[in-house]
Amino acid sequence: MAFFLLSWHGALVGYTGLHMHPASFTDVLFRAVSPVVLHDDGAVEPCDAFTKVVPVDSIPNRPLIALKANAHYLSSRGLDKLDAAPICAAWEHFLAIPTTLLPLLKDLTTRDWHENGRWVGRAVCHEHHVHLGDHKWPAEALQAERKGDTLTLWSEDSDQRVTLTQCPSRTLSALLETLTERLQMGEIRPSQRTPWAVSEELREHILKVCVNPGDTGYLLHLARECGFFELWDLAAGLLSCARTQDTNPDLIYYAAILALRTKEYETAAQLLHEALTTRFPDITLERIQPLLTRLKGGEDALLDLPRQLRRMGLSMFDGLFNQLLVPMPLARQNGHDLRQAYSERFEETCTGQSIPHRLKLLAAEAHLNGISYWEEVNMAHASWLAGLCREADTHYANAKALAIETKINPIHYNCGVFSWLSEGECNSLSSRAVPDRLGVSDWKWHFSPEENAAAIPPALGLVFGCDSKYFRFIPKLILSLVRACRADPSGGAIHLFIGVEQPTMEQLTFLTTVSEWLATHDPKVKLSFAHGTLTYRDGATYTAIRYLMLPEIVARFRCPLITADCDGYFPADFVALWRQMADSSDYGFRLYAYNHEGKQVMGEPWGFGAGISYFGEPDLLPPIAHFLSDYLNTAYSPQNPTNWCVDQCALAAAFRRFVAPRWNDLRIKFMDEGAPLMVMPHHVGGKEALLSHDGSVSMVDVVVELARHTPASASSVSLSS
């Protein structure tokens with residue numbers, strides 16, 4: 001039997017010519033270097049003529065030796081050099097290992113390995129042992145059994161067996177070779193059906209897997225890339241390889257997506273069931289069973305999984321493969337709920353894409369499923385952002401008709417499609433009398449007692465609207481304004497206008513009391529209010545009250561105006577902030593979708609924050625006010641599934657008509673930049689948090705504070721006065 005000599009550092013003793021040097025397992029196996037061989041009879045080839053073998057007994061039962069010539073020993077003090085030394089320390093001894101172990105040691109130390117799906121990397125030969133992961137074997141006693149891609153290891157003195165899987169496996173290597181060959185042959189190209197497919201990204205992920213085949217993340221991304229190119233066999237194969245390395249149930253969910261895309265509905269249902277039971281082993285999933293049954297029956301029920309899990313209070317799987325679901329050819333037997341789920345997913349997916357990529361998505365969607373609400377509304381957005389407004393208006397009209405016809409509900413920020421008026425419809429508003437369909441013209445007004453035709457116009461008007469429920473924000477709004485003006489009397493008079501839909505008697509009494517007190521005792525703040533009943537009472541009309549009031553306000557007062565949500569209050573430095581804005585701006589809007597050159601770069605036409613707006617050209621306010629009112633009375637319809645964005649539509653259309661054409665000649669303030677003129681819910685964590693932020697305020701609190709500031713000679717103020 002023959003043996004190689006293994007150093008403490010993990011190298012074999014080799015030679016080139018008669019130059020002795022450390023050699024790797026690979027160099028010796030492939031005969032790039034000749035090894036020094038120890039024979040059974042103690043002879044050392046080819047060094048027997050000048051060296052002798054000295055057995056080492058420091059560690060019993062291990063075949064350790066030293067090579068000695070006269071007074072010097074062969075010394076291995078590292079991986080790169082042998083030397084001659086007068087002494088021989090324990091770590092300079094050599095271990096005699098059977099030459100038959102060489103292929104095994106080479107594979108263990110040059111390939112990556114997995115154990116039970118966990119990457120353990122490559123073995124290291126050190127201190128005359130083989131180390132891999134948490135395992136350690138005496139190098140000379142290592143035993144192995146190969147079977148396909150697996151390798152089972154044990155040692156002579158232990159029955160414990162460790163089974164490893166080589167990486168890359170033969171399956172993975174074959175998949176990579178097939179993918180590379182098809183790429184070289186020009187068989188892999190993006191098509192109209194594959195909007196996510198990018199050839200360079202596919203090549204990049206192939207490279208990453210070739211370099212790091214044990215990285216599950218790289219495998220998953222390459223599998224997804226293959227799915228983008230509709231290479232479903234390769235995608236499934238690569239995902240299967242990843243699943244041998246990782247037991248995360250997300251990977252089973254990915255496999256269900258691939259099965260769905262290849263119309264293997266029964267397999268998709270089985271995989272989804274496995275993913276769910278693995279992810280939620282302690283939860284009864286009876287409520288999911290109808291979804292699994294529908295999926296098994298040929299519906300794309302996987303689309304409804306997020307909603308079902310939310311209803312059960314469970315978290316959704318990772319979304320790495322979700323792009324494979326949009327766009328995709330929909331099954332004809334899909335129920336309305338699944339088409340609704342697909343619509344929402346498609347709308348949300350389009351939102352984050354650049355215009356060129358969005359157009360690719362839309363072209364693929366039309367090719368796969370024809371014309372639909374979700375395709376038309378997103379085509380309209382793309383046209384709008386490209387400046388093709390007439391085309392956009394046509395698509396919006398189509399989207400509205402299709403949504404109503406097919407009963408598909410838009411996601412929240414696309415609700416404006418029901419109340420968006422085309423440019424032609426907006427132009428016609430000024431050419432005809434628009435009836436007051438919402439009923440604000442019949443409201444009763446209570447103007448500040450001091451106001452009359454001869455009064456000096458206020459420096460600023462503040463306009464708010466609400467219903468009796470949202471009135472709970474009004475006391476804090478009023479008191480914060482009074483305090484801010486009291487703290488900084490340098491500003492001009494401010495007139496507060498509040499419209500309330502069906503107020504209670506207590507609320508009306510409060511407004512009357514405050515209005516009369518301000519008229520008598522506060523030269524800086526005035527309050528006028530209107531109240532009545534809207535023809536249609538819902539969240540959309542309540543937010544529109546501020547604009548519906550404007551024609552009446554501008555008919556009496558010629559001053560700049562701020563319109564805002566009522567669920568806010570004024571900071572202590574409001575007067576200084578307002579004066580700074582008035583000195584530097586003609587208008588102010590929440591232009592989160594616009595750049596500073598006045599171009600809309602994202603979103604929808606009604607992607608226009610209505611939370612707070614400033615109109616600084618009093619002479620232009622009458623036509624703006626009438627336009628806003630006419631728009632709302634025209635666009636709002638009880639037949640619409642929702643009118644939720646009607647106020648944003650009106651404001652955005654007014655901006656486009658009266659402000660945008662003069663962008664370069666006007667000074668426009670982005671209201672979300674700099675210190676806010678009002679503290680809003682999004683500044684403090686929500687509506688309820690705003691009520692208590694900096695102290696809660698009730699109607700009684702306002703009256704009590706006004707009474708404290710009433711001159712001693714005047715009558716006290718109360719809610720019953």
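Quick caveat: nothing in here was measured; it's all calculated off a predicted structure.
- Counting non-hydrogen atoms of neighbouring residues, nucleotides and ligands closer than 6.0 angstrom, the CZ atom of R579 reaches no more than 12 such neighbours.
- Taking the side chain as every heavy atom from C-beta outward, P329 and H367 never approach each other to under 4.5 Å.
- For E299, the salt bridge (Lys or Arg N to Asp or Glu O under 4.0 Å) test picks out R294, with sequence neighbours left out.
- When atom types are taken as modelled, the side chain of D647 and the backbone of A544 share no donor-acceptor pair closer than 3.5 angstrom.
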Practice prompt. Please lay out, stage by stage, how D619 and R558 fare under the test salt bridge (charged side-chain N to carboxylate O under 4.0 Å, His left out).
Written response: CA-CA 7 Å; D619 292 341; R558 190 57 59 94; 3.4 Å; yes

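- The backbone N or O of Y536 sits less than 3.5 Å from a side-chain atom of T541, completing a donor-acceptor pair.
- Here the side chains of Y587 and K669 are not in contact, with every heavy-atom distance at 4.5 Å or above.
- Ring pair F317/Y253 is parallel by interplanar angle, where below 30° counts as parallel and above 60° as perpendicular.
- Heavy-atom contacts from other residues, nucleotides or ligands closer than 6.0 Å to CZ of R432 number more than 12.
- For the pair Q648 and A610, the tightest heavy-atom approach, listed with the atom from each and the gap, is CG-CB, 4.2 Å.
- Look at K407 and D337 and you find no salt bridge, because none of the NZ, NE, NH1 or NH2 atoms lies under 4.0 Å from a carboxylate O.
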Item to complete: Report the C-alpha distance between F627 and F658 in whole Å, list the side-chain angles of each, state the deciding distance to 0.1 Å, and finish with yes or no for ring pair (Phe, Tyr, Trp, His ring centres under 6.0 Å).
Response: CA-CA 10 Å; F627 177 85; F658 296 99; 5.7 Å; yes

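- Taking every heavy atom of both residues into account, C466 and C566 meet most closely at CB-SG, 3.6 Å.
- In summary, R662 and E617 engage in a salt bridge, as defined by a charged side-chain N under 4.0 Å from a carboxylate O.
- Using a 30° and 60° split on the angle between ring planes, H495 and F557 fall in the tilted class, from 30° to 60°.
- Taking the six-membered ring for Trp, F608 and F655 have ring centres closer than 6.0 Å.
- Counting only residues at least two apart or on different chains, the side chain to side chain donor-acceptor pair (under 3.5 Å) pairs with a member in residues 217-229 are R224-Q323.
- When the options Q600, H395, E604 are evaluated for a side-chain hydrogen bond (donor to acceptor under 3.5 Å, both in side chains) with W384, the one that passes is Q600.
- Surrounding CH2 of W443 are more than 12 heavy atoms belonging to other residues, nucleotides or ligands, all under 6.0 Å away.
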Discussion item. Checking R310 against D304 for the salt bridge (charged side-chain N to carboxylate O under 4.0 Å, His left out) test, could you report, in this order, the C-alpha distance in whole Å, the side-chain angles of both residues, the deciding distance, and whether it holds?
Written reply: CA-CA 10 Å; R310 282 196 302 270; D304 199 38; over 6 Å; no

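- No side-chain heavy atom of E375 sits less than 4.5 Å from a side-chain heavy atom of Y373.
- Take W578 and apply the side chain to side chain donor-acceptor pair (under 3.5 Å) test, not counting sequence neighbours, and it matches no residue.
- A donor and an acceptor atom, one from each side chain of Y614 and T563, are nowhere located under 3.5 Å apart.
- Within 6.0 Å of the CZ atom in R358, the count of heavy atoms belonging to other residues, nucleotides or ligands exceeds 12.
- Residues R546 and D565 are paired through a salt bridge, judged by an N-O separation under 4.0 Å between the basic side chain and the carboxylate.
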